[in-house]
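Read the structure below first, then the notes.
Excluded from the calculations below are hydrogen atoms, water molecules and symmetry mates; all remaining heavy atoms, backbone and side chain alike, are included. Reminder, nothing fancy here: chain letters follow the sequence lines and each chain counts from 1.
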Amino acid sequence: MPVILVSSDSQEFKVDKEVAERSILIKNMLEDVGESDSPIPLPNVTATVLTKVIEYCEHHRNDPVQVPDETDDPRKRSNDIEEWDMKFMQVDQEMLFEIILAANYLDIKPLLDVGCKTVANIIKGKTPEEIRKAFNIVNDFTPEEEAQIKKENEWAEDR
Amino acid sequence: MDDTRQRHQQHQQQQQQNRNQDLADRRELVLQELRDHVASHMSRQDIGACRFVSRQWFADWNPLYWREIRGIWPPALNRHAKFIRELEVRGRSSDKPISVIRDHCHNLRSLKLAARKMTAAECKQHIMGLQGQEQEQEQEQRDQNQSTRNLLPIDKMDTPLKLNGFCSNTLRLLELLLPPEVCDIVFPWLLCVKKTSGQLQNLRSFCLGETSITYTCMSQPEPAHCTLMLSQVFEFLNRFPSLTTFSTCDLEIIDDLAANSAPNALLSPTSSISISDQEPRDTYRLDALEISPQRVSVLDHLVTRMPHLQSLEVYLTGDIDLISHIPRHCPQLTSLALDMYGYNRTVTCLESDDLSRQAAVYHDWIQLFRGLSRLKTFYARCLMLPELVLKSMAESCPDLQEFLADGDTETSVVGVVFLLRKCRALKRLTLLQSYGIELFGYGNRGSDTSGDVLITAIGATITTETPFNGHLRTPTEEGHGAESDQGFMEPWVAPLEHLMLDSVRIKNDKELDIFRRRLHQLTLLKSLRIEYAYDITIRGFVEPEHENRIVETGLTIDLQDINTVLKPPSTRPDDAFNPGCFQHLEVLVLGCRINHSEDALSQLIDVMPRLRSMDFDCQRGCECERILRAKGRTPSP
């Protein structure tokens with residue numbers, strides 16, 4: 001049975017219920033309203049972003065529910081993104097952040113994980129100046145502040 | 001017209017700048033909202049770099065940078081202590097950090113402190129905030145001269161407790177490993193804290209243990225200097241009703257309750273127990289318990305009041321009879337750890353031919369597992385686990401996922417092999433003992449005497465129909481003779497993902513081939529660790545003819561070729577073609593003491609596409625890490 005989703009800019013998207021329920025938010029909404037043809041409004045998600053989200057959910061419609069592996073490093077890895085997901089996330093930064101926000105709002109944990117891992121990978125291994133360039137940030141530290149932070153950073157090893 | 005065009009261009013530029021600024025603002029907003037999630041995928045170094053980007057980023061990322069501190073004490077901790085949520089400290093008591101925890105770390109959720117050499121006086125000063133008379137006088141003098149933030153009034157429990165990081169209401173986990181004389185005063189002090197000040201309201205997990213006992217194999221331990229009374233334990237549990245995990249490690253618990261050891265008698269009107277504080281309640285919500293009971297009555301008193309208990313760890317120093325009480329009172333256990341350090345064990349042959357005698361001697365142990373059908377993890381420390389006991393575990397615990405036997409435990413090889421052939425859920429196996437090739441499989445029957453020995457050693461099994469009548473069978477009787485002649489290797493059904501052994505001794509190339517064939521069957525393996533891997537070469541992973549090419553010529557082999565080479569010859573029907581071998585392997589640690597060339601290590605990594613941690617010779621961990629990085633892998637510690 002198809003479900004109708006309505007983006008913030010009033011565009012309607014008809015998707016299979018199985019696909020829509022990859023979003024826990026939508027799943028809960030459908031459970032609350034029961035059998036109904038009423039469209040589901042998503043005021044926080046634009047049509048452009050919703051298109052991408054639906055594309056992701058379609059591709060992963062048959063994925064099993066994620067079970068966290070207790071043996072995993074508590075500091076989760078980010079180098080295990082599937083190839084399809086990696087290509088899916090090759091978008092400009094604006095779209096990337098929109099997708100993350102949408103995944104957070106719609107409660108699609110796997111998509112949120114992939115999005116956050118992608119952001120983490122953008123930051124990983126970069127110097128502060130490279131991070132500034134990547135995100136268009138201005139350095140507003142005084143030299144004394146920078147020296148203090150540098151000194152505080154020296155003790156840490158990668159643990 | 002030109003003016004119009006110019007104004008239009010300026011307007012467009014302004015709009016673009018505004019969009020860029022909006023984008024930058026939104027980016028920062030997203031990162032602020034989701035930085036926790038992003039940070040969970042980053043190293044401390046990367047988070048440290050984020051602190052350096054701008055003042056706003058410093059404000060956003062600084063709390064995350066300091067959120068977890070483990071094992072090392074940062075010099076700037078005082079400034080950022082309020083951000084620490086998880087702290088793990090191991091060190092001397094005289095180090096300043098202990099007092100810093102008390103005075104500055106007031107938002108901790110988890111605190112683990114191991115201070116092996118702390119004295120009682122130091123504990124009173126640094127943890128409790130109490131000071132001796134001399135120090136009191138000095139402190140009073142300093143008070144007159146200047147004010148100090150860290151000044152703590154003497155013997156005034158109220159004021160120090162409000163500022164004491166060890167007693168914070170944010171704490172959910174408190175683990176203290178201290179010398180016995182310090183445990184003696186800390187336990188009642190925490191009781192007093194809870195009773196008088198209402199602190200530690202949210203404590204869910206508590207662990208108090210000694211650090212001064214040194215372990216020696218099969219010898220008498222030092223006596224436990226600190227003991228607890230059972231009434232004290234009940235008082236503690238009554239004061240902390242929200243606890244789900246309670247551990248006193250190997251501090252011996254003495255039964256000081258009524259002479260009548262029946263648990264229900266304690267609740268009778270004629271009970272000699274003092275009312276309310278120390279009187280055991282009907283139930284406690286604990287799901288994990290770790291204790292060292294002096295006698296079985298201690299265990300009975302506790303576990304019969306814990307219907308939700310899932311995990312039990314027991315240090316057995318005296319009453320061995322309590323083994324039979326565990327399945328009787330806790331059949332719902334999913335995790336069990338038994339430590340018999342210091343207990344005089346009856347040494348019997350692990351691979352005894354007299355299984356009837358073994359069944360009689362180890363009756364309680366066999367029944368232990370028969371009564372724990374839900375067991376998922378079993379940790380054995382200083383135990384004797386002969387064949388029949390391991391067989392009972394394999395047959396009675398279908399959900400067994402993890403089995404660990406420490407270096408002071410002796411295990412039957414036949415029993416371990418039975419486990420591997422029976423346990424369909426066993427994913428993690430840690431055996432810190434020494435093994436030969438007999439663990440890994442059959443060899444060829446024939447002129448090779450080592451092969452004959454292998455079959456004799458691992459071919460003896462017990463029929464499942466008559467488990468304890470001691471009838472021994474050989475592979476020939478089981479119908480495996482023909483296959484054995486061709487080198488049949490019955491596969492392990494255990495879906496092993498993590499295998500750790502203390503040492504494996506391989507004697508010759510034939511045994512190396514058996515080792516390799518067994519490894520090729522373990523297609524789900526994620527980590528393989530062998531501390532002392534004697535004479536295990538590259539041949540232990542790849543075919544010998546291929547190994548020679550790698551070692552001698554250093555040729556580059558692509559993955560397709562590797563899989564072709566890994567396909568076993570047709571004369572070995574038991575070796576199922578497994579293109580997936582090593583496909584999941586992420587960690588490979590072998591202390592093999594063989595000087596493999598960099599090319600050989602490099603080619604080995606090529607057949608393990610997910611490998612991210614490798615140490616082939618303890619001394620060359622850095623080199624392996626460099627090779628991994630060169631291949632685009634992100635090494636993990």
Is it the side chain or the backbone of [X] that comes within 4.5 Å of chain B heavy atoms, both, or neither?
X: A/Glu129; value: neither
X: A/Gln148; value: side chain
X: A/Lys151; value: neither

Which atoms of B/Arg79 come close to chain A, meaning under 4.5 Å heavy atom to heavy atom: side chain ones, backbone ones, both, or neither?
side chain
Name all residues meeting the side chain to side chain contact (heavy atoms under 4.5 Å, CB included) criterion together with A/Glu21; count only those two or more places apart in sequence or in a different chain, and write none if there are none.
A/Lys17, A/Lys27, A/Leu30
If the condition is side chain to side chain contact (heavy atoms under 4.5 Å, CB included), which residues does A/Thr118 pass it with, not counting sequence neighbours?
A/Ile81, A/Met89, A/Leu96, A/Val114
Given the rule in the side chain to side chain contact (heavy atoms under 4.5 Å, CB included) test, do B/Arg44 and B/Ile69 qualify, once you have shown the distances and angles that lead to the verdict?
CA-CA 10 Å; B/Arg44 183 183 296 280; B/Ile69 305 292; 4.1 Å; yes
Geometric class of the A/His60/A/Tyr56 ring pair [parallel <30°, tilted 30-60°, perpendicular >60°]
tilted
Once the angle between the rings of B/Phe378 and B/Phe403 is folded into 0 to 90°, is it parallel (under 30°), tilted (30 to 60°) or perpendicular (over 60°)?
parallel
May I ask you to name which of A/Asp140, A/Ile149, A/Asn121, A/Thr127 has the most heavy-atom pairs under 4.5 Å with chain B?
A/Asp140
Taking A/Arg132, A/Lys150, A/Glu146, A/Glu145 one by one, which has the highest count of heavy-atom pairs under 4.5 Å against chain B?
A/Arg132
